[in-house]
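Read through the structure below, which is laid out as structure tokens, and then see the notes.
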Amino acid sequence: MATSLKQNYVLNLVNTLAGLIFPLITFPYVSRILLADGIGLINFYYSVINYIALFSTLGIPLYAVREIAKVKDSRQMYSKITIEILLLHTILTLAGYIAVFILATTVDKIQINVQLFWLLSLNLIFGAIGVNWFYQGLEDFKYITIRSLIVKTCSVVALFIFVKERSDLLCYAFLNVMVDVGSNAFNFVRLRKFIVIQSVNLQEIHPWRHLKPTLKIFILNLIISLYVNTDSVMLGFLKNEAAVGYYTAATRITRMLTGIATALGAVLLPRLSNLVASYKMVEFKQLADKAIGLMIALALPMSIGLAFMASPLIKLFCGNGYIPSILTVQLLSPIILFISLSGVVGMQILYSLGKENKVIIAVTTGAISNFCLNLWLIPQYAQYGASFSSAIAEFCVTTTMIVMAWKYTPIHFFDKNNRTYVIATSVMAIFLWFTQQVCKNEYQFMMIGVPCSIVIYISFLYVCKDRFVLQIKDMIINRISSLKHKK
């Protein structure tokens, strides 16, 4: 990977880790104050808002990243495209608020706490003006990271100051909105630095020309949401808020680890799209192959490690009131690997090649399996049924995407490097099992198991001369040499 791509990955990884650290710090505190039903209520409303956002954004964010990346060397072109997409997104958001009003005035479950529902709907406004896709398309990950760190730090401080008891539910919801999309307001203000309105003929502005291509991405996002948000919604309707809360606790932990692995995706899309637009297909295939290998190297040990660490993690971050979340985490742990692989194969490789239809077919397979399994399993097994359904759905999506992508860029899953990752993960798993047997309690197991298993895994890869570990070693040595030279 080129140096700039490595820097972008590091910056986006820092941004992703910041997003993971926020709930890591706050969720243990909040879960004990708001309890499972309070957390469940917020996530139930969030799921409904996310559905509205799905319709009001169509496929704009993903589509816009690709389009901006294609013309990032022409200021006039990306100024015109940005203005058009921003106008389209604003119009669609206004239509989305009609749905918010109807639900807030007619649905009994929402009227239970209608103020909370309206507060969470701020996601729609900030999402429309945020133009985060613009900065991703230009690969300006330095700004995105710095802005995000500032907002998240302020939000963490505010949470511990203002959220003290169960009645502070609205305050917690507002801070959640600020963390998720509140920083987008800075994006909109800063846009003046890049966009030159004078260079664009306003009579040539046609926002509706982007509607048709974004509809394909909308269909894709709609289907994806069926196995992302549907779990919480179906748990809320078919069981209760407590089941949603247990499931939310499990998914929070799972998504934290998934985010570390998938941080590469945000920096790959603009780069791969630009390579396709420049007809550099050899470089495209080389980069895609490296990305697949890196995903396996990161996500496979995370999935296995999480299955072992589910119990101490839940008890540490959520408390003994969330014991039902332990098995939920273990059932969800394979999705770290599945989502990481499908994210690169489908949302980066196939989408960069303009093969949206292939991705839609793959996610449809997962959505159908997830919905059917939820109907069957949730009434009897609650959060356990939802987690099992999600794991099966993600497996179906990943498998289908791999089969469809093979025609365009052969994926070498069984090469020497990937076999090494499987063996290294197996060695790590044996160590964790043995450590679990001899440790006196779960916290001791976690304190010993996590750092030691990481060292064992990386050491095994180093002995096998893994390309990524050797690259990291060279980067560290070069950095140290550079600092010594400056002195």
Side-chain angles (χ1 to χ4, degrees), residues 20 22-51 107-117 119-120 123 159 163-177 179-180 225 227-258 306 309-333 335 370 374 377-391:
L20 303 178
F22 176 80
L24 189 67
I25 295 172
T26 60
F27 194 72
Y29 173 76
V30 172
S31 63
R32 288 165 172 81
I33 294 175
L34 302 182
L35 304 179
D37 59 337
I39 297 294
L41 183 63
I42 287 180
N43 281 276
F44 173 58
Y45 283 174
Y46 245 131
S47 297
V48 177
I49 292 295
N50 285 339
Y51 275 121
V107 179
D108 292 338
K109 271 211 167 188
I110 290 177
Q111 289 178 331
I112 292 173
N113 198 330
V114 71
Q115 287 180 311
L116 176 63
F117 186 69
L119 180 58
L120 293 176
N123 271 326
L159 184 139
V163 179
K164 298 288 187 182
E165 53 191 31
R166 179 70 168 77
S167 59
D168 294 325
L169 191 67
L170 286 175
C171 183
Y172 172 68
F174 177 75
L175 292 173
N176 259 5
V177 171
V179 170
D180 289 342
S225 74
Y227 61 90
V228 174
N229 295 319
T230 298
D231 290 339
S232 294
V233 173
M234 293 183 74
L235 276 170
F237 280 112
L238 298 177
K239 293 302 288 186
N240 50 52
E241 284 78 12
V244 180
Y246 296 136
Y247 186 75
T248 299
T251 54
R252 286 276 179 99
I253 292 175
T254 306
R255 286 173 183 170
M256 281 191 287
L257 293 177
T258 304
L306 180 60
M309 295 295 167
S311 182
L313 285 173
I314 286 293
K315 292 177 181 177
L316 177 64
F317 295 119
C318 305
N320 291 327
Y322 287 79
I323 296 299
S325 297
I326 295 173
L327 179 57
T328 311
V329 170
Q330 292 172 329
L331 291 170
L332 284 171
S333 60
I335 73 172
N370 188 57
N374 274 342
L377 297 174
I378 285 179
Q380 185 174 356
Y381 300 104
Q383 66 275 0
Y384 305 133
S387 58
F388 179 78
S389 300
S390 293

Practice item. Mark yes when over 12 heavy atoms from residues, nucleotides or ligands other than Q115 sit less than 6.0 Å from its CD; otherwise mark no. Key: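 Counting other residues, nucleotides and ligands, CD of Q115 stays at 12 neighbours or fewer.
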Point to revise | F388 atom CZ: more than 12 heavy-atom contacts under 6.0 Å | key: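 Counting other residues, nucleotides and ligands, CZ of F388 stays at 12 neighbours or fewer.
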Check your understanding: Does a side-chain heavy-atom distance below 4.5 Å link I49 with F117?
Key ->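 Yes. Closest side-chain heavy atoms under 4.5 Å.
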Check your understanding: Any side-chain heavy atom of L313 sitting closer than 4.5 Å to one from L306?
Key ->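 Sidechains of L306 and L313: in contact.
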To the nearest 0.5 Å, what is the distance between [atom1] ([X]) and [atom2] ([Y])?
| X | Y | atom1 | atom2 | value |
| --- | --- | --- | --- | --- |
| L257 | S333 | CG | OG | 10.0 Å |
| L238 | L377 | CG | CG | 11.5 Å |
| T251 | Q383 | OG1 | CD | 11.5 Å |
| L327 | L332 | CG | CG | 9.5 Å |
| Q330 | M309 | CD | CE | 11.5 Å |
| T328 | I314 | OG1 | CD1 | 7.5 Å |

Review point. Can you list the steps and then say if N370 with S389 is a side chain to side chain donor-acceptor pair (under 3.5 Å)?
Key: CA-CA 5 Å; N370 188 57; S389 300; 4.7 Å; no
Exercise: identify the closest heavy-atom pair between [X] and [Y]:
| X | Y | answer |
| --- | --- | --- |
| A243 | A382 | CB-CB, 4.4 Å |
| A386 | D231 | O-OD2, 4.0 Å |
| P324 | Y384 | O-CE2, 3.1 Å |
| G385 | N374 | O-OD1, 4.2 Å |
| L116 | Y45 | CD2-CD1, 3.5 Å |

Point to revise | Donor-acceptor under 3.5 Å (S232 side chain, V244 main chain) | key: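 Here the side-chain-to-backbone pair does not exist.
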Practice item. Kindly write out the residues that satisfy salt bridge (charged side-chain N to carboxylate O under 4.0 Å, His left out) with K315, not counting sequence neighbours, or none if the list is empty. Key: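 Only E442 meet the salt bridge (charged side-chain N to carboxylate O under 4.0 Å, His left out) criterion with K315.
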Check your understanding: Going by atom types alone, do Y247 and S390 pair a side-chain donor with an acceptor below 3.5 Å?
Key ->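 Side-chain D/A pair, Y247 to S390: present.
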